[in-house]
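What you see is a predicted model; the values in this text were computed from it and never measured. Numbers restart at 1 for each chain; the letters A, B, ... are given by sequence-line order, proteins then strands.
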Amino acid sequence: MAHEYNPAEIEPKWQSVWESDAVDAAVEDPARPKRYILEMFPYPSGNPHMGHVRNYSIGDVVARASRMRGYSVLHPIGWDAFGMPAENAAIKQNTHPAKWTYENIATQEAAFKRLGFSYDWQRKVVTCDPEFYRWGQWIFLKMFERGLVERKMNPVNWCPTCRTVLANEQVEGEGVCWRCSTRVEKRELDQWYFKITDYAQELLDDLDQLDGWPERVRTMQANWIGRSEGAEVDFTVCDADGNTTDETITVYTTRPDTLFGCSFFLLAPEHPLVSQFVDGTEYADAVAAVVERATHETAVERESGIAEKIGAFTGRYVVNPINQQRVPVWVANYVLMDYGTGAVMAVPSGDERDFAFARAYGLPIPPVVVAADDPLLASDPTLAQETDLRVTDVPWDAAYAGPGTMIQSGPFTGLSGGKGSAGADAVIRALAAAGTGRATVNFRLRDWLISRQRYWGNPIPVIHCPKCGIVPVPADQLPVILPLDLDITTGATLAEHPEFYEVACPVCGADARRETDTMDTFTCSSWYFLRYTDAANDTAPFAADKAAYWMPVDQYIGGIEHAILHLLYSRFFTKVLRDIGLLSIDEPFTRLLTQGMVKLDGAVMSKSKGNIVAPEEVIPRYGADTVRAYIMFMAPPDKDLDWSPEGVDGMYRYLNRVWRLVDEYADERDGYPQVSDQAGEYVPDLSAQTKNLAHLVHKSVKKATDDIDRMQFNTAIAALMELTNALYDYKTAVPVGDRDRAVFQFGIESLVKMLAPIAPHITEELWQVVLGNTGSIHAQEWPRYDAALCVRDEVELPVQVNGKVRGRITVARDADEAVVRQAALDAVQAQIAGKDVAKLIVVPNRIVTIVVK
RNA sequence: GCCGGAGUGGCGGAAUGGCAGACGCGGCGGACUCAAAAUCCGUUGAUGGCAACAUCGUGUGGGUUCAACUCCCACCUCCGGCACCA
């Protein structure tokens with residue numbers, strides 16, 4: 001009854017069985033441990049490509065293996081359905097974003113089903129469905145209540161191509177839009193923000209808990225949050241004659257120990273005091289020129305990598321609170337308005353940028369922190385005790401920013417200087433006592449700009465009332481429905497849709513205007529994983545007890561491109577929802593796998609580049625199982641891989657090999673005598689060949705199990721191939737009538753079971769049809785190996801002489817060391833004859849090494 | 001510039017400090033076949049040798065060790081992230 005492996009026939013057959021039986025529906029079962037396996041949900045861009053296949057195959061293997069290991073598994077899927085590409089496609093193809101989006105979802109859903117992914121389809125989430133996005137609005141309102149939503153006028157990143165603002169996290173490398181790579185512009189606009197900075201410290205601290213995350217992702221997030229410790233110092237504004245005003249300017253510094261070395265003071269070009277200082281003065285023109293160049297040329301200069309430092313004197317001075325020194329105030333292009341306070345104290349001897357600026361404009365560079373071996377101290381040892389300003393210009397050709405000793409620093413002279421030094425602490429204490437400074441912490445992280453001037457997004461549930469101001473939409477009026485009757489092929493937004501924005505104020509009833517900006521799509525992806533735990537809930541985003549059962553996600557799988565963006569925002573949402581009382585966890589994702597990218601000839605596959613390899617090109621010829629297994633076999637999951645069609649044949653051959661092996665076994669098995677008493681049980685009178693097979697089978701089961709656990713699927717598949725080879729070798733070497741039924745059967749069944757998560761269709765067919773078992777392979781228990789059978793009772797050890805293998809010995813496992821020593825010496829007798837054995841090292845069960853002279 | 005990651009056969013890739021190259025792709029030789037496909041067997045790091053074998057070999061140069069792809073120091077190349085963050 002031998003029959004052929006025909007994936008085109010069996011794959012759709014099993015897919016429809018699984019779907020109609022809803023075999024992959026997640027069940028909350030308190031009796032079993034749970035596992036929530038999640039892959040980052042796709043954007044419905046059209047046909048999936050091999051990158052998708054890889055991402056979702058990894059998750060599917062983990063989910064299927066987890067079920068067989070006895071876990072109650074949640075493995076859902078959905079679509080991140082709002083966003084710009086839908087609008088662009090709609091304009092280009094003269095259709096509606098909704099139509100384009102839902103059609104693409106249908107395409108991807110069909111493709112995913114054709115690949116045999118084991119999703120709980122009943123929990124499907126589509127973010128552009130009102131049933132989903134209303135809860136995004138609900139969360140917005142909750143955040144609004146808690147003061148985590150802010151509308152403010154700020155310089156923001158504007159993408160002229162996308163015609164919308166962007167969050168800081170969405171501006172890449174050289175200041176370009178993450179989506180279209182257009183250079184972004186700075187604009188001063190009134191926008192909506194989520195106050196993620198309120199959680200900056202916790203987002204940083206809790207990275208320590210995430211030991212299931214790749215180190216580099218944690219490092220990237222820590223760098224992005226960018227905590228720095230230092231001090232604020234208040235400088236009093238004065239005129240050229242030293243007459244002080246009651247105006248102070250505060251600076252932030254990480255080096256309060258260098259305060260005595262401040263020889264000038266800088267304002268950012270955008271600083272509001274600049275025009276106040278120079279308007280109508282002789283300095284106005286020069287300052288305006290700097291401001292002009294800084295605001296218009298910065299982007300270009302940054303691109304070249306080296307920005308020339310330019311600045312201009314404002315005619316004003318400030319008083320240094322530590323020593324009452326009067327220093328000039330300049331405007332400089334390298335001072336950033338959006339970090340610290342937009343003003344800095346310049347210490348050219350201790351800061352490279354200030355040094356360059358001082359040299360360019362002839363400003364003094366007094367040394368205040370010097371290294372112990374500094375030539376300055378060598379030439380003038382008394383300088384080490386100098387408290388007053390004696391040397392006003394360093395002989396160095398670069399700033400010194402390292403640790404050292406404070407000099408020329410009044411009462412602080414002699415203290416250690418440097419970041420976080422005793423000297424720095426002492427200066428902060430002195431400033432604090434005088435009320436002119438204080439210790440403080442600064443973050444690089446900015447608040448999350450969430451409003452977008454685009455149509456295809458979740459409407460911000462707010463109404464602008466001329467009398468009441470900003471009025472949140474009452475919760476019982478949610479959702480604010482995104483109207484679909486808008487012709488967006490002209491590029492129109494909600495601001496061109498009066499039926500949408502003309503509303504009555506919910507408080508006073510006056511004519512008011514509904515907010516027409518929509519939310520950043522990343523707000524949807526920041527909590528979709530929570531919706532899966534309770535996807536049909538129509539009274540809340542999710543029930544707390546359901547989330548409590550399933551959360552956190554045990555294994556999250558997705559691309560490294562979200563190392564900051566999505567993964568940071570999701571952590572933020574989780575903490576906010578915890579504080580609202582909906583969650584009891586601090587972190588959403590316990591373990592994270594950042595899967596490598598699938599490339600073609602070195603380039604990332606993307607629709608815009610047109611270098612996509614789609615699974616449909618391979619499935620008709622080889623089937624989904626081959627595609628899945630091949631992409632898992634090509635490389636470890638976290639490494640980038642270059643797609644090459646050459647090896648697909650090999651994987652197809654392998655699955656055929658498995659098919660024939662199992663098929664032949666099914667035909668012949670009645671002829672196998674039952675020799676050993678039970679599968680996997682060690683029976684002393686087995687033949688040497690059968691013992692050998694039992695050993696190989698158990699060793700392979702252990703190896704494949706361990707490798708799937710640590711998600712090294714490429715080596716797991718290699719172990720399955722070795723198991724397959726061992727079974728074939730046994731068949732070749734041992735006639736049917738001498739074969740051990742129990743050991744062989746255990747080998748065959750283990751092979752089929754362990755291959756099942758990777759190649760779910762062929763294994764289902766082999767299990768149920770070819771082997772004639774009842775019940776799905778995917779509901780079987782994972783094979784258990786016998787640790788005693790994974791090792792041999794005799795081991796062959798290489799014997800090295802001076803680092804070269806010169807002989808081999810076979811000894812009992814864990815043999816007495818004396819026995820091993822003697823056997824080794826005998827084995828290499830010829831090589832060591834007449835020489836002194838200086839050393840003999842036995843590494844038990846591994847190697848013997850002899851050193852002779 | 002700073003912070004990560006990676007350099008291993010023709011190719012993808014394996015190796016708790018213990019026989020480098022598992023597993024596979026490709027190649028070569030053979031069996032089966034009228035022939036081909038499929039399948040099966042053998043072989044396949046380099047150099048030298050008829051051969052057993054010898055020597056060399058994990059980006060480069062040092063070091064630690066009986067033993068280094070693995071640990072340490074210095075450097076080269078590539079990839080990724082951040083980048084005037086005071």
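Atom P of B:G30 sits at a distance of 33 Å from the matching atom of B:A20, rounded to the whole Å. Comparing B:C76 with B:C28, their P atoms sit 42 Å apart, to the nearest whole Å. Comparing the same atom, C1', in B:G9 and in B:U47 gives a spacing of 15 Å after rounding to whole Å. With P as the reference atom, B:U44 and B:C82 are 48 Å apart, rounded to whole Å. To the nearest whole angstrom, the two C1' atoms, one in B:U39 and one in B:C50, are 35 Å apart. Spacing of P atoms, B:G62 relative to B:A68, comes out at 14 Å, to the nearest Å. As rounded to the nearest Å, B:A51 and B:C32 have C1' atoms that lie 32 Å from one another.
Regarding A:Glu561, its CD atom lies at a distance of 19 Å from the P atom of B:C79, rounded to whole Å. Note: OH (A:Tyr5) to P (B:A38) measures 17 Å, nearest angstrom. Distance CD1 (A:Ile717) to P (B:G12): 18 Å, rounded to an integer number of Å. Note: CG (A:Asp351) to P (B:C2) measures 15 Å, nearest angstrom. Nucleotide B:G26 holds its P atom 8 Å from the CD atom of A:Glu646, rounded to whole Å. Between A:Met220 atom CE and B:C79 atom P the separation is 17 Å, expressed in whole Å. Straight-line distance from the NZ atom of A:Lys702 to the P atom of B:U16: 13 Å, rounded to whole Å. Atom CD of A:Gln170 is separated from atom P of B:C82 by 13 Å (rounded to the nearest Å).
In this structure, B:G27 is classed as anti because its glycosidic torsion departs from zero by more than 90°.
Relative ring orientation between A:Tyr361 and A:Phe357 is described as tilted, the plane-to-plane angle lying within the 30° to 60° band. Ring-plane geometry between A:Tyr569 and A:Trp448 is classed as parallel, the angle between the planes falling under 30 degrees on a 0 to 90 degree scale with a further cut at 60.
Below the 3.5 angstrom threshold, one finds no donor paired with an acceptor across the side chain of A:Arg846 and the base of B:C19.
Base-pair partner of B:C34: not found among the strands shown (Watson-Crick or G-U wobble, both distances under 3.5 Å). In a base pair of the Watson-Crick type (N1 to N3 plus N6-O4 or O6-N4) or a G-U wobble (N1-O2 and O6-N3), with each distance short of 3.5 Å, B:A46 is matched with B:U55. Base pairing annotation: B:G21 forms no Watson-Crick or G-U wobble pair, as no partner gives both donor-acceptor distances under 3.5 Å. In a base pair of the Watson-Crick type (N1 to N3 plus N6-O4 or O6-N4) or a G-U wobble (N1-O2 and O6-N3), with each distance short of 3.5 Å, B:C78 is matched with B:G5. Across the strands present, B:A15 finds no partner; the criterion is a Watson-Crick or G-U wobble pair with both atom distances under 3.5 angstrom. The partner of B:C84 cannot be assigned: no Watson-Crick or G-U wobble pair with both contacts below 3.5 Å exists in any strand.
Using a 4.0 Å cut-off, some side-chain N or O of A:Arg653 falls inside it from OP1 or OP2 of B:C25. Within the 4.0 Å cut-off from OP1 or OP2 of B:C40, at least one side-chain nitrogen or oxygen of A:Arg660 is found. The shortest distance between the side-chain N/O atoms of A:Asn845 and the OP1/OP2 oxygens of B:G18 is not below 4.0 Å. Residue A:Lys804 places at least one side-chain N or O closer than 4.0 Å to OP1 or OP2 of B:C56. Phosphate proximity of B:G4 to A:Arg218: absent, as no side-chain N or O sits under 4.0 Å from OP1 or OP2. The side chain of A:Tyr654 contributes no N or O atom lying less than 4.0 Å from OP1 or OP2 of B:G24. The phosphate of B:G12 (OP1 or OP2) has no side-chain N or O of A:Lys639 nearer than 4.0 angstrom. Side-chain N/O atoms of A:Asn714 include one lying less than 4.0 angstrom from OP1 or OP2 on B:A14.
Around atom CD of A:Glu796, more than 12 heavy atoms belonging to other residues, nucleotides or ligands sit under 6.0 Å away.
Taking both residues in full, the closest heavy atoms of A:Leu600 and A:Trp643 are given as CD1-O, 3.9 Å, listed atom of the first, atom of the second, then distance. Closest non-hydrogen pair, A:Arg808 versus A:Pro798, comes out as NH1-CB, 4.0 Å.
The side chain of A:Arg444 lies closest to B:C85, out of B:C85, B:G18, B:G12. Here the side chain of A:Tyr339 is nearest to one of B:G24, B:G4, B:A86, namely B:A86. Listed nucleotides: B:C66, B:C19, B:G24. Nearest to the side chain of A:Val851: B:C66. Across B:A83, B:G80, B:A86, the shortest atom-to-atom separation from the side chain of A:Thr253 is found for B:A86. For A:Glu796, counting side-chain heavy atoms from C-beta on, the closest listed nucleotide (B:C19, B:C85, B:G12) is B:C19. The side chain of A:Arg216 lies closest to B:G80 when the candidates are B:C84, B:G18, B:G80. Nearest to the side-chain atoms of A:Arg806 among the listed nucleotides B:C19, B:A86, B:U55 stands B:U55. In this structure, the nucleotide among B:G18, B:C19, B:A86 sitting nearest to the side chain of A:Val843 is B:G18. Comparing B:G4, B:A86, B:C66 against the side chain of A:Ile841 picks out B:C66 as the nearest. The nucleotide whose nearest atom lies closest to any side-chain atom of A:Arg657 is, among B:C40, B:A86, B:C19, B:C40.
Counting heavy atoms from C-beta on, the side chains of A:Leu449 and A:Asn168 never come closer than 4.5 Å. No side-chain heavy atom of A:Tyr785 sits under 4.5 Å from any side-chain heavy atom of A:Ser750.
A donor-acceptor pair under 3.5 Å is formed between the side chain of A:Arg218 and the backbone N or O of A:Leu207.
The residue among A:Ile850 and A:Asn656 whose nearest nucleotide of RNA chain B lies closer to the 5′ end is A:Asn656.
Residue contacts for A:Pro636: at a heavy-atom cut-off of 4.0 Å it reaches the sugar-phosphate backbone alone, with no base atom in range.
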